[in-house]
Amino acid sequence: MNRHVLSVLVENQSGVLSRVSGLFSRRGYNIDSLSVGETEDPKVSRMTIVVKGDDYILEQIKKQLNKLIDVIKIVELNSEQSVFRELALIKVKTSMETRASIIEIVSIFRANIVDVANDTLTVEMTGDESKIEAFINLMDSYGIVEIVRTGLAAIERGNRQILNQKKYEED
Amino acid sequence: MKASDAIVKSLLNEGVDMVFGYPGAAVIDLYESLRKSKIHHVLVRQEQAAAHSASGYARVSGKVGVCIATSGPGATNLITGIATAYMDSIPLAVITGQVKSAMIGRDVFQEADITGATESFTKHSYLVKNANDLPIIIKEAFYIASTGRPGPVLIDIPSDIQAATLDKYIQPETVDIRGYKPTLKGHIGQIKRAVKAISESKRPLIVAGGGVLLTRAQNELISFINKSGIPVVHTLMGKGAIPTQNPYYVGMIGTHGFPQANRAMAKSDLLIFIGARIADRAWGGFGDKMLENVRVIHIDIDPAEIGKNLGSHIPVVGDAKHILSEMTSKIESLDTKDWVEELKTYKKTIQHADSEFVNPRYAVGLLSRKLDDDAILVADVGQNQLWAARNFEDKDGRCFLTSGGLGTMGYSLPAAVGAKFAAPGRQVAAVVGDGGFQMSQHELGTISANNLKIVILLFNNSRLGMVRELQDRNFGRITAVELDRNPDFIRLCDAYGIKGIRVTNNSALEAAFDLALKNKGPFLVECVVDCNESTL
């Protein structure tokens, strides 16, 4: 079961998210994460969907997504030629004794502290998934109160644009 | 222009002259506009029948079938009909009323989220938010329903939108949906590969599916067979793709198919699937092991069907009609004489005719002989579906309709209504069991009110026969399948003003069919069938 990152252009209309997410649940495909937002064209939204599946499942996901009238284009992004980023907000327990060492780790990871309270710190952290996982593992020993993650956003490196690429087709 | 008038104008622009429906508060404006128009409205007796009738109409006429229901329960009653059409790829435009825009989401009287509920079995759906969008939405809906792989498209229209006024009715000339560009013409390289594989094969076999009928490619298929000499089997949905008497005809495949057809599949070295999705009932008996010794060409308009149920060596995406004529122009005549002769030696199914009761196989066979060469037979679901499919002779110009994908009991009566409206001059017969009959018997009202000359062939075994058989096989006992207190169907039809006759043995069938076919209106032939009668 490999992990795949799909970038999907869809019409920016109500009901699209439901159609896409419904398709995954109804056909038994697993979504690791899904993020969506408007693009440079306000009529178009772009979804980044992270899925797990073998070649058969991936093929089916692409084909079934393509059948949705609102789906304009699907491209699979590979990690070498793309930038993957996710944002996480992590609320950690702190005390007088631990605060300094947490701040040190935050600065090593080039994360930001966005809120400080008497016994918690909230960290804003951007990176690919492995960086975020590594940070969360380190924070675990201090005690994590809450985590919020946006899911992956991804874009291809260099001049490549999703609209200029060959549309996914059978052959 | 008033929006409801604009809806009717848009329907007229799409060539609609008939709709099937059931009115209600949320479509009251639309119905007033329909009343003033020349579109003929057929009032069904329950909304599910409107969808099935539209489906029967679409399949016979080749046009998009239109059905209309009100919000809430009207719309939810359509659901089974929509799902039935979706599974069989039938083009429908489904129009539902919705509560006032401002009330949506408040759970008001007769509110149901019908676009949400039908999301997984509509090809596409619209919830109209602005009356000015109606002309383009309706244009798009018909385009999406009828092109590519056909299917039902739902348009949900809040009642305040129907009553609103358009700034200006602008008739859209063309449709351009950037996310919807179906591939019609097959990739020429793939077609060449397919033709090469065919010429290299010794025992090629065509498996014709419903796609051949949906694209009306029967003539192209015959030309291809005549030039190449390749024999043909078909799926349930592909029944009618070639005439039964054609020398290359082998039979229906699958769990309920003919042994000679299944054996042909197993012996073939190249299977050419055309417009077939090879679902479990068609493929069930074979298993993946069979694929080790056979090459597969899969022709389908829907790329998602290729590789879904069956791996293929040569996929060809496109319209069956186009690809068949391309292949015909490229194919050389093959030497299939030995292969075709071999197929003729395979043991055929023996259709038993002896019974103390009416033998349903004999009855369908006899009716088939009596019907015209362009008759339409609509089969319901259950044992009757297979008795009908296995014994109704396909001829050039005949038409066999059934709910093959979803397997919806109660399909036959309303679908026969739609078929009759689409082809008033052709004979229409509905084959149905006593279970399915009672799921749609309200449509006797529609049949009677419109004096539709439909022959209803009812097989009454006082059982839900197919389930009985399944229970008996699996558990040696039966439960909840006895319909022993059935009504008197002859008297029931009489109450609707429909004539009928009860037949209890084979010898009385011929006279009954003569009576039925001579009758000017609808006619019921009720056949009393042994409750232990088997499907095959």
Side-chain angles (χ1 to χ4, degrees), chain A residues 6-29 36 39-47 49 53-76 161-171, chain B residues 86 89 104-105 113-129 133 137 140-141 143-145 147-149 151 153-154 156 175 177-183 186-191 193 298-312 314-318:
Chain A
L6 299 176
S7 208
V8 184
L9 289 186
V10 298
E11 298 287 346
N12 186 6
Q13 278 169 9
S14 62
V16 177
L17 184 59
S18 154
R19 284 194 177 108
V20 170
S21 61
L23 186 133
F24 277 79
S25 62
R26 146 169 103 249
R27 293 195 181 261
Y29 310 143
V36 57
T39 63
E40 66 281 2
D41 176 353
K43 287 183 176 163
V44 176
S45 294
R46 185 157 170 170
M47 293 182 178
I49 308 175
D54 55 21
D55 289 349
Y56 169 79
I57 296 280
L58 181 69
E59 181 89 356
Q60 279 296 307
I61 289 173
K62 287 185 194 169
K63 284 176 164 176
Q64 294 295 341
L65 277 174
N66 234 339
K67 275 179 82 167
L68 298 178
I69 310 289
D70 287 332
V71 169
I72 300 164
K73 193 138 187 187
I74 304 161
V75 165
E76 188 183 352
Q161 289 172 41
I162 187 166
L163 274 172
N164 299 340
Q165 290 186 44
K166 207 175 146 237
K167 189 169 169 163
Y168 167 78
E169 265 161 5
E170 178 52 36
D171 300 324
Chain B
Y86 183 76
S89 309
I104 289 176
D113 170 19
I114 195 63
T115 50
T118 58
E119 192 183 274
S120 60
F121 39 77
T122 44
K123 191 172 172 186
H124 194 51
S125 60
Y126 297 88
L127 172 57
V128 182
K129 292 184 169 157
D133 298 338
I137 285 178
E140 280 186 7
Y143 176 71
I144 292 169
T147 53
R149 179 179 181 175
V153 177
L154 184 134
D156 196 25
V175 175
I177 306 163
R178 54 186 156 179
Y180 179 68
K181 306 272 186 246
T183 309
H187 189 280
I188 197 71
Q190 291 300 91
I191 291 174
R193 283 180 64 201
H298 195 171
I299 299 166
D300 205 291
I301 199 157
D302 180 0
E305 286 303 341
I306 292 174
K308 187 177 86 177
N309 296 329
L310 199 67
S312 71
I314 306 173
V316 191
V317 179

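Below, chains carry the letters A, B, ... as their sequence lines are ordered, and counting in each starts from 1.
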Quiz prompt | Residue part contacting chain A, namely of B:Ser125, when any heavy atom lies under 4.5 Å | solution = both
Quiz item: For the candidates B:Ile144, B:Ile177, B:Thr115, B:Leu127, which exhibits the highest count of non-hydrogen atom pairs separated by less than 4.5 Å from chain A?
Solution: B:Ile144
Quiz item: Measuring from A:Ile72:CD1 to B:Lys181:NZ, what's the distance to the nearest 0.5 Å?
Solution: 10.0 Å
Self-check item: Part of A:Arg26 lying under 4.5 Å from any heavy atom of chain B
Solution: side chain
Practice problem: Measure the CD1-OH distance between A:Ile69 and B:Tyr143 for me, rounded to the nearest 0.5 Å. | Solution: 9.5 Å
Quiz item: Can any side-chain N or O of A:Lys67 pair as donor or acceptor with the backbone N or O of B:Asp302 at less than 3.5 Å?
Solution: no
Quiz item: Most heavy-atom pairs under 4.5 angstrom with chain A, which of B:Gly148, B:Gly189, B:Ser120?
Solution: B:Ser120
Quiz item: Any donor-acceptor pair under 3.5 Å linking the side chain of A:Tyr56 with the backbone of B:Lys308?
Solution: yes
Exercise. Under 4.5 Å heavy-atom distance to chain B, tell me which part of A:Leu68 shows up: side chain, backbone, both or neither.
Key: backbone
Quiz item: Would the number of heavy atoms belonging to other residues, nucleotides or ligands and lying under 6.0 Å from CG of A:Asp55 be above 12?
Solution: no
Self-check item: Euclidean distance, B:His124 NE2 relative to A:Asp70 CG, rounded to 0.5 Å
Solution: 4.5 Å
Quiz item: Side chain, backbone, both or neither: which part of A:Glu11 has an atom under 4.5 Å from a heavy atom of chain B?
Solution: side chain
Quiz prompt | Closest non-hydrogen atom pair between A:Gln64 and B:Ala304, with its separation | solution = NE2-CB, 3.7 Å
Quiz item: Thinking salt bridges, do B:Arg178 and A:Asp41 make one under a 4.0 Å N-O criterion?
Solution: yes
Quiz item: Do you know the tightest heavy-atom contact between A:Ser14 and B:Lys129?
Solution: OG-NZ, 2.9 Å
